[in-house]
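Quick caveat, the model's predicted, so the values are computed rather than measured. Both ligands and their constituent atoms are indexed starting at 1 by order of listing.
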Amino acid sequence: MKILVLNAGSSSLKYALYETSPDAVASDSDQLLGEGLVERVTTMPEALKTAFADLTPLLRGEKITGVGHRVVHGATFPGSIVIDAGVEAAIDKLSELAPLHNPRSLAAYRAALAHVPDAIHVAVFDTAFHQTLPRHAYAYAIPPEYLAGKKIRRYGFHGISHRSVALRFAKLQRKSPEELRIVSCHLGNGCSVCAVDRGHSIDTSMGFTPLEGLVMGARSGDMDASALLHLIVREGEDPAALLRMLNNASGIQAISGVSNDMRDVLSAAASGNDRAGFAVDAFCYRAKKFIGAYLAAMNGADALIFTAGIGEHSAPIRAGICAGLDQLGIAVDPVLNAAASRASRCIGNSRIAVWVVPTEEQLMIARDTVGCIAASLGKL
Ligand code: ADP
C-alpha cells in the first residue's frame with residue numbers, strides 16, 4: 001500500500017511516499033518512492049499542492065491508503081492513533097501546550113484530508129515514546145495541583161527519532177530491544193538525549209516543551225526559572241518576548257554570535273573565533289552531563305548512539321562530547337569517527353560501544369501508519 005508521510009515544521013513541510021505493508025515492515029523491505037521538502041511555507045494547502053504535484057506521478061494511478069502525520073505534542077497519548085474527530089479536537093486542544101508546533105500539524109492534516117479524504121490519517125506523536133517515563137522522572141518537584149490541573153510535567157520530544165535509532169541498533173546487533181540499554185543523542189536543530197532502557201524511554205532531556213535540556217541551535221536548554229521571573233518582575237521584560245528569545249535567539253547562536261548552524265560555528269571556531277569556540281564547548285559539555293546522568297539512571301549502557309544532522313555528520317562534536325569519558329567506558333576511535341559514511345556504524349569499540357545511527361523518522365511514521373491501518377481494519 002502507498003503511505004504518505006507529512007512532517008510539518010515551523011516553516012517547512014517535509015513529505016515522503018512509501019510502498020509498504022505489514023509484511024514489508026516485518027521484513028524491513030519498505031520502499032521509499034520519493035520525498036521532498038517545501039521551504040518557507042506560507043499556507044499549508046499551497047505547500048501540500050506542491051507536494052502532491054511532486055508525488056502524484058510516483059503513484060502510477062494507485063491510491064494513497066494512509067497518511068502519517070508527525071504531531072509534536074501528544075501529551076499523554078501512549079502511541080500512534082487513527083485521527084478521528086475526537087483525536088483532532090485533542091490535538092487542537094494541545095496547541096495550548098505547543099503553540100509553535102501543533103497548529104502546523106493540524107493545518108497539514110486538514111489540507112491533506114481535502115486531497116485524500118478516503119485515506120486513513122494517523123497521528124504519530126513525538127511525545128508518545130516517553131510515556132513510559134516513571135513518575136520520578138517526569139514530575140517537576142512542585143505541588144501536585146500544578147500537575148493535575150495545569151498539566152505541568154515533563155513530556156519529552158524527539159520520541160520518533162529515539163525509538164527509530166534504538167530499534168535500528170537492536171536489529172543491527174541481532175538483539176531484541178529488551179536486551180539493550182542505550183543512551184541516544186539526537187543532535188539536530190533541536191537536541192535531546194534519551195535513556196532507552198530495554199526498549200523503553202525512562203528519561204529524556206526535553207521536558208514540558210522542547211526548550212528544556214541541551215544547548216541547541218537557537219534554544220537555551222536548561223535555565224533556572226527564577227532568572228526568567230527576575231527578568232519579568234525586576235527588569236520589566238515581556239514574557240512573550242522572553243519566550244521567543246529562549247526559543248529562537250539563544251543556544252549556540254547566542255553564545256557564538258555567529259549562527260545557529262553548527263557548521264558555521266565550527267568553522268568560525270577553527271579560524272580562532274573565541275565565542276564560537278566557547279559555544280562548541282558549552283554544547284559538548286551540556287550533552288556530556290546528560291550522558292553521565294543517563295548512565296547513572298541505567299547503571300551503565302550497552303551503547304551510546306549519535307543521530308540527526310550534527311550527530312550523524314559532525315566528527316569533532318562527537319569527539320568533543322566523548323572526550324574524557326574513558327573512565328565511564330566510552331571512547332571514540334579517531335579513525336572510525338572521521339570516516340565519511342552515511343551508514344549506521346560503530347565509531348568506538350569501548351566497553352560502551354559508540355555508534356552513529358541515521359534517524360529514520362519518516363520511515364517510523366510510515367510504519368506506525370501501516371500498523372494503525374492494520375489494527376483498524378482488523379477491528380472492522
Ligand atoms: P532538524 O532538527 O531541523 O531536522 P537536522 O537534523 O537536519 O535538523 O540538523 C541540523 C543541524 O545539523 C544544523 O546545526 C547543521 O549545521 C548540522 N549539520 C549538518 N551537517 C553537518 C556537518 N557536516 N557538520 C556539522 N554540523 C552539521
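The nearest protein atom to atom 2 (O) of ligand 1, hydrogens excluded, is given as Asn189 N, 3.1 Å; this is a heavy-atom distance. For atom 17 (C) of ligand 1, the nearest non-hydrogen atom of the protein is Ile310 CG1, 3.5 Å. The protein heavy-atom contact nearest to atom 4 (O) of ligand 1 is Lys14 NZ, 3.6 Å. Protein heavy atom at the shortest distance from atom 27 (C) of ligand 1 is Arg263 CG, 3.7 Å. In this structure, atom 5 (P) of ligand 1 lies nearest to the protein heavy atom Gly309 N, 3.7 Å. Counting only heavy atoms of the protein, atom 14 (O) of ligand 1 lies nearest to Met262 N, 3.2 Å.
Proximity of Gln253 to ligand 1, defined as any heavy-atom pair under 4.0 Å, is not found for any part of the residue.
Of the polar atoms of Asp261, at least one N or O is found under 3.5 Å from an N or O of ligand 1, judged by distance alone. Geometrically, ligand 1 and Ser314 share no nitrogen or oxygen pair separated by less than 3.5 Å. At a 3.5 angstrom cut-off on N or O pairs, Leu266 does not count as close to ligand 1. Checked against a 3.5 angstrom limit, the closest N/O atoms of Leu187 and ligand 1 fall outside it. The shortest N/O to N/O separation between Gly188 and ligand 1 does not fall below 3.5 Å.
Within the set His186, His158, His313, the minimum heavy-atom distance to atom 22 (C) of ligand 1 is found for His313.
Among Leu377, Ile120, Ile83, Val82, the one residue that satisfies the side chain to side chain contact (heavy atoms under 4.5 Å, CB included) test with Cys372 is Val82. When each of Asp261, Val265, Asn260 is paired with Gln253, the side chain to side chain contact (heavy atoms under 4.5 Å, CB included) condition holds for Asn260 and for no other.
Ring orientation note: the planes of His115 and Phe52 are close to parallel, at an angle under 30° on the 30°/60° scale. Below 30°, between 30° and 60°, or above 60°: for Phe157 and His73 the angle between ring planes is above 60°, a perpendicular geometry.
With salt bridges taken as basic N to acidic carboxylate O contacts below 4.0 Å, none links Asp368 and Arg70. We find that Lys288 and Asp281 are not joined by a salt bridge, their nearest charged nitrogen and carboxylate oxygen being 4.0 Å or further apart. Under 4.0 Å is where a charged nitrogen must lie from a carboxylate oxygen, and between Lys63 and Asp118 no such pair does. Using a 4.0 Å cut-off between a side-chain N of Lys or Arg and a carboxylate O of Asp or Glu, Lys2 and Glu19 qualify as a salt bridge.
Counting non-hydrogen atoms of neighbouring residues, nucleotides and ligands closer than 6.0 angstrom, the CZ atom of Phe278 reaches no more than 12 such neighbours.
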